[in-house]
4 protein chains.
Amino acid sequence: MKRNRPKYKQIIEAAVVVIAENGYHQAQISKIARQAGVADGTIYLYFKNKEDVLISVFQEKMAMFVETINEVIAGKETASEKLLVMFESHFKILSADTKLAIVTQLELRQSNKDLRFKINEVLKDYLSVLESILEYGKERGEFAADLDIRLARQMIFGTIDETATTWVLNEHKYDLVALAPKVHKLILNGCISENAAS
Amino acid sequence: MKRNRPKYKQIIEAAVVVIAENGYHQAQISKIARQAGVADGTIYLYFKNKEDVLISVFQEKMAMFVETINEVIAGKETASEKLLVMFESHFKILSADTKLAIVTQLELRQSNKDLRFKINEVLKDYLSVLESILEYGKERGEFAADLDIRLARQMIFGTIDETATTWVLNEHKYDLVALAPKVHKLILNGCISENAAS
Amino acid sequence: MKRNRPKYKQIIEAAVVVIAENGYHQAQISKIARQAGVADGTIYLYFKNKEDVLISVFQEKMAMFVETINEVIAGKETASEKLLVMFESHFKILSADTKLAIVTQLELRQSNKDLRFKINEVLKDYLSVLESILEYGKERGEFAADLDIRLARQMIFGTIDETATTWVLNEHKYDLVALAPKVHKLILNGCISENAAS
Amino acid sequence: MKRNRPKYKQIIEAAVVVIAENGYHQAQISKIARQAGVADGTIYLYFKNKEDVLISVFQEKMAMFVETINEVIAGKETASEKLLVMFESHFKILSADTKLAIVTQLELRQSNKDLRFKINEVLKDYLSVLESILEYGKERGEFAADLDIRLARQMIFGTIDETATTWVLNEHKYDLVALAPKVHKLILNGCISENAAS
DNA sequence: GATGAATGAGGATTCATTCAT
DNA sequence: TATGAATGAATCCTCATTCAT
């Protein structure tokens, strides 16, 4: 299995670094190879082509997101708590690896339609976790009985994505993780003042 | 003023059509020129370079968004109503021009970091309108007194952006405008059930 | 019509020179462009791709062969005479342009199957002329009534092709045109001695 | 002697199969190795380089041609009969192994000038046999006293080569061996009708 | 103003060959 | 002997931009 050989991960990590430092369109295979300490041709022993490298970067990293998030939400009882730790985990991973943040929030979005389509496929796992929390919250009566799951999922994903992108565009100059509880409150309660909610 | 000469708008409209039909990376200057009925070189009499064409597409269209939205929100008393008509207007414009929707939601995002940075500059007008509604809602006591304006703006923009993008990715097969009230309710009240909100 | 613009022929001639001097596999587009005194990209204004350049070289030159041969055979009464002037013309053209001879006899044969298939299509015009002479000779009673036209055509073409190739491989060190009457006699009478033919 | 070890022949046979099935330019060393059931590197224990493999294919097969032909012509008295059985043998070998026919008539001709030059060296043995028959025929008075041996050799080789190639290009859809007597008659008597030969 | 022919830089990918095991 | 992972050189084509007309 190629995925488990050391050079596979070496190339993936090199790609993240090169894309973050040079931008998507300046991330040539030769740069990635040099960064990984292998020959250009070696990359083609592990990946079908350049697109495959980029897809794999996203797959590997997104798998890590999903795995981490599944672990932390398992330890929480309520849907509300699950959402909170999900937001925290998401933001923590990005904060801990700002190069990864640049790559996923900005650079990989410049890819062409084919690649973006494949990236969307990978995203589905993440969105499933999110929808399952929303279902769970509805069942428990935490969330409104008429909550439109798909729309709520779009709101939540859109919000954390926009929050993370804005943070990257502001060059990480504030604490992203600290925003998690505030985002959480906003998602749960909305903008409205409690008095007006009657 | 070049902006007012007929060929200026002609080229802008041609660019929208070409990008929508061919995708960002297949939108060559020669295609745009052919679609606009002018010679390649003529484009350079009206625009500095290709990036300038793309920026201008976004500027022209976004100016229309802001103008339209300013008009409709002026006729509404409450911040809540203003938000609702804002969402409706936003979705109506995209629904009425699916090519424009494809261009702004999918294709222009494939541009490189420089161009996206400039696009974000243009977006600021739109975001200002949004923030001013939020401020207004706070002043009136409609919205929570401790509402973080910037975060709320990110939530709202992220939500409608994600909603619109998902609709485009689903090839406009459902009614986007019909989602406006539901998005509005979600933004205002959050996911939480009213009983649990105590 | 691109075929008539001066750069079209300029590029064709440059291709012949470059292929003859460097060999088929070392005939890069950049070399051909330099030889033609144009930019690499200019070649793609006149030809679809590299294969198209090579096909066109063959088409242009073969058209010249066919045209010349049609002219000279028109002036002859008998099939035998037509064949003789055909051989002479064929050999004269190759002798007058040894670079062309190298290209058609040796280099273009190294092309891949697709290209060779297209080259064979072009060759059909030439072979048609040959077959029509053979038909004519049969009708006139010059050639044997039971002559298998297709086989005779293969003999004649195979013979002049092999003769020309051998001459090129021997670096043109003898007079190819002088062989025409001898080839002609051999083709007409065969190897057999006249006494034995009874 | 490497030639006698089993893997040597194994690689040669694998090369014929791979070239016939994939074409000259798609006959990579790795494919030949896989077909032969050895590792890529093993090929370099038996052959100096890829060119050496291809030359050796031609040498081995051409040696078989020469050997077979020498056997059959030894059993014939006249030069005319020798030529006939030579043509029959040549065509029989190709008919019996259509992969070999594809390789020698089409694929190996795509090789570069160096390789083709070496292939021509190998061909000389075959051509010698042909020339010796012609000499023999002249001595016996079967062939014309003024027959130009070299030219006749070129005619004969060109004819059977073209005949064989045409047959391969027509995907072996007719009986090549059946053509031998007709080719033989044509070579011996030429195109001319017997009445006109006076 | 308008044209469009000409320019030329830039990069993914293949595959013969090597050499440590 | 045999292996096969690793190497790295080499090239076609696109397309934004210019500038003579």
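Labels below follow one simple rule: chain letters A, B, ... track the order of the sequence lines, proteins then strands, and each chain is numbered from 1. Just the heavy atoms: all of them, side chains too, but no hydrogens, waters or symmetry mates, feed the values below.
- Using a 4.0 Å cut-off, no side-chain N or O of C:Tyr46 falls inside it from OP1 or OP2 of E:dA5.
- Nearest nucleotide to the C:Lys50 side chain, out of F:dC12, F:dT17, E:dC15: F:dC12.
- Nucleotide E:dG10 forms a Watson-Crick or G-U wobble pair with F:dC13, both donor-acceptor distances falling under 3.5 Å.
- Rounded to an integer number of Å, the gap from A:Ile32 CD1 to E:dT13 P is 11 Å.
- Ranked by how close their nearest DNA chain F nucleotide is to the 5' end, A:Gly37 and C:His25 are led by A:Gly37.
- Comparing F:dA6, F:dC13, E:dC15 against the side chain of D:Gln28 picks out E:dC15 as the nearest.
- Going from atom CG of C:Leu106 over to atom CD1 of C:Ile19 covers 12.0 Å, rounded to the nearest 0.5 Å.
- Using a 4.0 Å heavy-atom criterion, one finds that C:Ile29 contacts the sugar-phosphate atoms exclusively.
- Projected onto DNA chain E by closest heavy-atom contact, A:Ser30 and B:Gly41 fall at different nucleotides, the more 5' of which corresponds to B:Gly41.
- One finds the CD atom of D:Gln110 at 9.5 Å from the CG atom of C:Leu115 (value rounded to the nearest 0.5 Å).
- Within the shown strands, E:dA2 is the pairing partner of F:dT21 under the Watson-Crick or G-U definition, both distances less than 3.5 Å.
- Regarding A:Ile11, its CD1 atom lies at a distance of 12 Å from the C1' atom of F:dA5, rounded to whole Å.
- The side chain of B:Arg5 contributes an N or O atom lying less than 4.0 Å from OP1 or OP2 of E:dG1.
- Nearest-nucleotide positions on DNA chain F place A:Leu45 closer to the 5' end than the other of A:Leu45 and B:Glu51.
- Considering only side-chain atoms of D:Thr42, the nucleotide from E:dT17, E:dC15, F:dA2 that sits closest is F:dA2.
- Distance OH (B:Tyr24) to P (F:dA16): 10 Å, rounded to an integer number of Å.
- The side chain of A:Tyr44 has E:dT13 as its nearest neighbour among E:dT13, F:dC13, E:dT3.
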Salt bridge (Lys or Arg N to Asp or Glu O under 4.0 Å) between B:Glu21 and B:Lys31, intermediate numbers included: CA-CA 11 Å; B:Glu21 290 180 352; B:Lys31 270 192 196 143; over 6 Å; no
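- Of the possible polar contacts, none joining the D:Glu107 side chain to the D:Ile102 backbone as a donor-acceptor pair under 3.5 Å is found.
- At a threshold of 4.0 angstrom between heavy atoms, the contacts of B:Lys7 are confined to the sugar-phosphate backbone, with no base atom among them.
- Considering only the side chain of D:Asn49, E:dT17 comes nearest among E:dA2, E:dT17, E:dG1.
- With values rounded to the nearest 0.5 angstrom, C:Phe58 atom CZ is found 8.0 Å from C:Asn120 atom CG.
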